[in-house]
Asker: 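Here it is: the structure, laid out below.
Note that these values count all heavy atoms, side chains included, but never hydrogens, waters or copies made by symmetry.
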Amino acid sequence: MDFSLSPKTEDLRKRVSAFMDQYVYPAEKEVLAPERAESHEEHPIMKDIRKKAKAEKLWNLFLPDERYGAGLKNHEYAPLCEVMGRSPLGARAFNCMAPDTGNMEILAEFGTEDQKKKWLKPLLDGEMRTCFSMTEPDTPGSDPTQLKTRAVRDGDYYVINGHKWFTSNAIGAAFAVAMVVTDPEAESHRRASQIIVPTDTPGFNLIRPVPVMGHAGGGGHCEIIYKDCRVPITSMLGREGDGFAISQARLGPGRIHHCMRTIGVAERALELMCQRANTRWTHGSYLADKANIQEWIAESRIEIDSCRLMVMNAAWMMDTVGKKEARQQISMIKVMCANMVMRVLDRAIQLYGAAGVSDDFPIARAWRESRALRIADGPDEVHRQTIARRELRKWK
Ligand SMILES: Cc1cc2nc3c(=O)[nH]c(=O)nc-3n(C[C@H](O)[C@H](O)[C@H](O)COP(=O)(O)OP(=O)(O)OC[C@H]3O[C@@H](n4cnc5c(N)ncnc54)[C@H](O)[C@@H]3O)c2cc1C
């Protein structure tokens, strides 16, 4: 295993870092200002940053297919993702933000030519936003075989009825990829399908952005009621019953991206910890000289570097032996990184004292936004259960 960067990746990493220094970090104060917290509009500064990134060809770096993106393998893209993850604005600046990335990946892999023309092309061009609509308030998201939202065939249409929530980024999205039950009698992993639903379709009712830890801005984590929502049968992604297979296809790379961005968040928090510890003087010495602070810093470095190696290993396995064979590693990094970032951020908050919980520094926001990672894309407990079952099977 050799994780040294190829000249192409090293060049991209340097350019993404320089772009972040020049445009992204300096924009944070204004774009993320508390008075904009409930706004659903994209800030003009952000629009301008995206234009610049596109012009510099730092765009769609996540797509492995050269026809659509940078043509990087997972282990090549991962270090870029880490750099982007250092700022809440990073991924969007480069058109590499979830859930659009997942939707682009599945359109590229499973979309028909018409679907690609109508939906993938404007997404690649950065002219559209999208959402992914699977989780329901009345069924456990951690076990999607229990989904209830139904799509019933009626001539050349599917008619969708059901209740979803936590459809992130639905406000301002052009379409949702909805996970719906097309055959309730089928074997559990063939019951569901994924269907493209334009958000202006009658019967796509956006009820509200669910407030999350006191915030409901941006594209929102939205509650949606599908009421007799009719979409043409040509809106189906893949074939009827492919919903779970398509989900698996998007989740592998998506988890590598999430994990590497998380490492970026933790790395920035550690930098901030060190800066503060070196300059804050209390009880006769700098914080940096106190044993407990040194321990927090050392533990954070050990945990961040361990996670990075694990993620790089998972990415390398996906690239060499395939997504299916790398499933154990992907589950492991999902749990490790989501927990690691919370520990590092908690230490950073403690080290900063009152400043740590204020919105004058980026740590509190990072803590709030990272907490969901232990739940979304599979809660910790489900991943641990899966990891344990695979280990146990080896010794049966
Ligand atoms: C900020 C955020 C953004 C999200 N964005 C989206 C989105 O864009 N689209 C979308 O469709 N969904 C989204 N989700 C939803 C997310 O995918 C679900 O929350 C997740 O799948 C868990 O489902 P649930 O919330 O229904 O929890 P449940 O399934 O009810 O589980 C609750 C808890 O039960 C425990 N548990 C569950 N199963 C087991 C088990 N086997 N063993 C032990 N304990 C278990 C776990 O502790 C788990 O956290 C988002 C969630 C958050 C928080």
Side-chain angles (χ1 to χ4, degrees), residues 98-125 127-139 141 144-186 189-210 219-251:
D100 294 320
T101 43
N103 287 342
M104 286 188 256
E105 278 161 8
I106 57 177
L107 278 164
E109 194 171 342
F110 302 98
T112 61
E113 283 315 307
D114 276 353
Q115 289 170 346
K116 285 182 187 163
K117 206 161 113 197
K118 191 161 177 195
W119 304 117
L120 178 59
K121 171 87 174 49
L123 268 173
L124 291 170
D125 291 342
E127 289 161 3
M128 222 180 231
R129 287 204 295 100
T130 66
C131 53
F132 181 66
S133 194
M134 181 171 83
T135 305
E136 302 174 347
D138 305 327
T139 62
T145 61
Q146 297 190 48
L147 284 177
K148 276 195 195 148
T149 300
R150 277 286 271 133
V152 177
R153 179 90 183 251
D154 178 20
D156 288 341
Y157 287 84
Y158 284 105
V159 182
I160 306 174
N161 279 289
H163 191 179
K164 301 279 187 185
W165 78 339
F166 277 85
T167 298
S168 300
N169 276 321
I171 300 171
F175 69 88
V177 172
M179 182 96 157
V180 290
V181 177
T182 38
D183 182 359
E185 305 308 323
H189 286 90
R190 297 293 306 168
R191 291 174 79 236
S193 306
Q194 296 199 13
I195 298 188
I196 300 167
V197 185
T199 53
D200 58 3
T201 311
F204 180 95
N205 300 308
L206 198 160
I207 304 298
R208 60 167 182 150
V210 179
H221 301 294
C222 297
E223 182 176 353
I224 317 272
I225 292 190
Y226 294 82
K227 177 93 180 69
D228 297 330
C229 182
R230 292 172 81 84
V231 290
I233 50 171
T234 49
S235 309
M236 174 73 67
L237 271 167
R239 291 163 307 150
E240 255 191 31
D242 281 352
F244 282 92
I246 296 176
S247 280
Q248 283 310 316
R250 79 183 283 153
L251 278 175

Asker: Tell me, which pairs form a salt bridge (charged side-chain N to carboxylate O under 4.0 Å, His left out) where one or both residues lie in residues 156-179, sequence neighbours left out?
Answerer: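 Every pair satisfying salt bridge (charged side-chain N to carboxylate O under 4.0 Å, His left out) with a residue in residues 156-179: Glu136-Lys164.
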Asker: Please name all residues satisfying salt bridge (Lys or Arg N to Asp or Glu O under 4.0 Å) with Asp125, sequence neighbours left out, ordered by chain then number.
Answerer: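 Partners of Asp125 under the salt bridge (Lys or Arg N to Asp or Glu O under 4.0 Å) test: Lys121.
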Asker: Above 12 or not: heavy atoms from other molecules or residues under 6.0 Å from CZ of Arg239?
Answerer: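 No.
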Asker: How long is the span from the CD1 atom in Ile207 to the CD1 atom in Ile224, to the nearest 0.5 Å?
Answerer: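 Taking CD1 in Ile207 and CD1 in Ile224, the distance rounds to 8.0 Å.
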Asker: Mark yes when over 12 heavy atoms from residues, nucleotides or ligands other than Tyr157 sit less than 6.0 Å from its OH; otherwise mark no.
Answerer: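 No, not enclosed.
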Asker: If every non-hydrogen atom of Pro99 is compared with every non-hydrogen atom of Cys131, which pair is closest and at what distance?
Answerer: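 Closest approach of Pro99 to Cys131, heavy atoms only: CG-CA, 3.9 Å.
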Asker: Taking side-chain contact (heavy atoms from CB on, under 4.5 Å) as the test, write out the residues that go with Lys118, two or more places apart.
Answerer: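 With sequence neighbours excluded, Lys118 shows a side-chain contact (heavy atoms from CB on, under 4.5 Å) to no residue whatsoever.
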Asker: Find out whether Thr149 and Met179 are in side-chain contact, i.e. whether some heavy atom of one side chain is under 4.5 Å from a heavy atom of the other.
Answerer: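 Thr149 vs Met179: side chains apart.
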Asker: Considering residues at least two apart in sequence or located in another chain, which fulfil the side-chain hydrogen bond (donor to acceptor under 3.5 Å, both in side chains) criterion with Gln146?
Answerer: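 Partners of Gln146 by the side-chain hydrogen bond (donor to acceptor under 3.5 Å, both in side chains) criterion, ordered by chain and then number, come out as Asp143.
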Asker: Is there a side-chain contact between Thr145 and Phe244 (heavy atoms, below 4.5 Å)?
Answerer: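 Contact flag for Thr145/Phe244 side chains = yes.
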Asker: Mind checking what makes salt bridge (Lys or Arg N to Asp or Glu O under 4.0 Å) contact with Glu127, not counting sequence neighbours?
Answerer: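 So Glu127 forms no salt bridge (Lys or Arg N to Asp or Glu O under 4.0 Å) with any residue.
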Asker: Could you pull out all residues at least two apart from Glu240 that satisfy side-chain hydrogen bond (donor to acceptor under 3.5 Å, both in side chains)?
Answerer: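 Testing Glu240 for side-chain hydrogen bond (donor to acceptor under 3.5 Å, both in side chains), a comparison that skips the adjacent residues, returns Tyr158.
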Asker: Distance-only check: which donor-acceptor pairs under 3.5 Å involve side-chain atoms of residues 229-238, not counting sequence neighbours?
Answerer:
| from | atom 1 | to | atom 2 | distance (Å) |
| --- | --- | --- | --- | --- |
| Arg230 | NH1 | Asp154 | OD2 | 3.1 |
| Arg230 | NH2 | Asp154 | OD2 | 3.1 |
| Ser235 | OG | Pro232 | O | 2.8 |

Asker: Between atom CE of Met128 and atom CG of Asp100, what is the distance when rounded to the nearest 0.5 Å?
Answerer: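 It comes to 10.5 Å.
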Asker: Could you give the distance from CD (Glu105) to CD1 (Ile246), rounded to the nearest 0.5 Å?
Answerer: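 Taking CD in Glu105 and CD1 in Ile246, the distance rounds to 13.0 Å.
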Asker: Between Asp242 and Arg190, is a side chain to side chain contact (heavy atoms under 4.5 Å, CB included) present by the stated rule, with each step listed?
Answerer: CA-CA 6 Å; Asp242 281 352; Arg190 297 293 306 168; 3.0 Å; yes
Asker: Would you call Glu223 and Pro137 a side-chain contact if the rule is heavy atoms closer than 4.5 Å?
Answerer: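 Sidechains of Pro137 and Glu223: no contact.
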Asker: Using the side-chain contact (heavy atoms from CB on, under 4.5 Å) criterion, which residues pair with Pro184? Sequence neighbours excluded.
Answerer: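 Partners of Pro184 by the side-chain contact (heavy atoms from CB on, under 4.5 Å) criterion, ordered by chain and then number, come out as Arg150, Val181, Arg191.
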Asker: What is the minimum heavy-atom distance between Thr182 and Gly241, and which atoms define it?
Answerer: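 Closest approach of Thr182 to Gly241: OG1-N, 4.0 Å.
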Asker: Apply side chain to side chain contact (heavy atoms under 4.5 Å, CB included) to the pair Val180 and Tyr226, showing each step before the final yes or no.
Answerer: CA-CA 11 Å; Val180 290; Tyr226 294 82; over 6 Å; no
Asker: Using the test side-chain contact (heavy atoms from CB on, under 4.5 Å), find all partners of Lys117 that sit at least two apart in sequence or belong to another chain.
Answerer: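 Expected list: none.
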Asker: So how far is it from Glu109 CD to Leu120 CG, rounded to the nearest 0.5 Å?
Answerer: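 Output value for this atom pair is 12.0 Å.
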Asker: Is the shortest heavy-atom distance from the side chain of Leu107 to the side chain of Ile196 under 4.5 Å?
Answerer: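 When only atoms from C-beta onward are counted, Ile196 and Leu107 do touch, with a gap below 4.5 Å.
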Asker: Could you grab the distance from atom CG of Leu206 to atom CD1 of Ile225, nearest 0.5 Å is fine?
Answerer: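 So the CG of Leu206 and the CD1 of Ile225 are separated by 10.5 Å.
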Asker: Can you give me every donor-acceptor pair (side chain of residues 165-178, partner residue at least two apart or in another chain, under 3.5 Å) with its distance?
Answerer:
| from | atom 1 | to | atom 2 | distance (Å) |
| --- | --- | --- | --- | --- |
| Thr167 | OG1 | Ser133 | OG | 2.9 |
| Ser168 | OG | His221 | ND1 | 2.7 |

Asker: Output every pair passing salt bridge (charged side-chain N to carboxylate O under 4.0 Å, His left out) with a member in residues 195-205, not counting sequence neighbours, ordered by first then second residue.
Answerer: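 For residues 195-205, and leaving out neighbouring residues, there are no salt bridge (charged side-chain N to carboxylate O under 4.0 Å, His left out) pairs at all.
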Asker: Partners of Asn161 by side-chain hydrogen bond (donor to acceptor under 3.5 Å, both in side chains), sequence neighbours excluded?
Answerer: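 Asn161 satisfies side-chain hydrogen bond (donor to acceptor under 3.5 Å, both in side chains) with Asp228 only.
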Asker: Within this structure, what is the CD-CZ distance for the pair Gln194 and Phe132, rounded to the nearest 0.5 Å?
Answerer: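 Result: 4.5 Å between the selected atoms.
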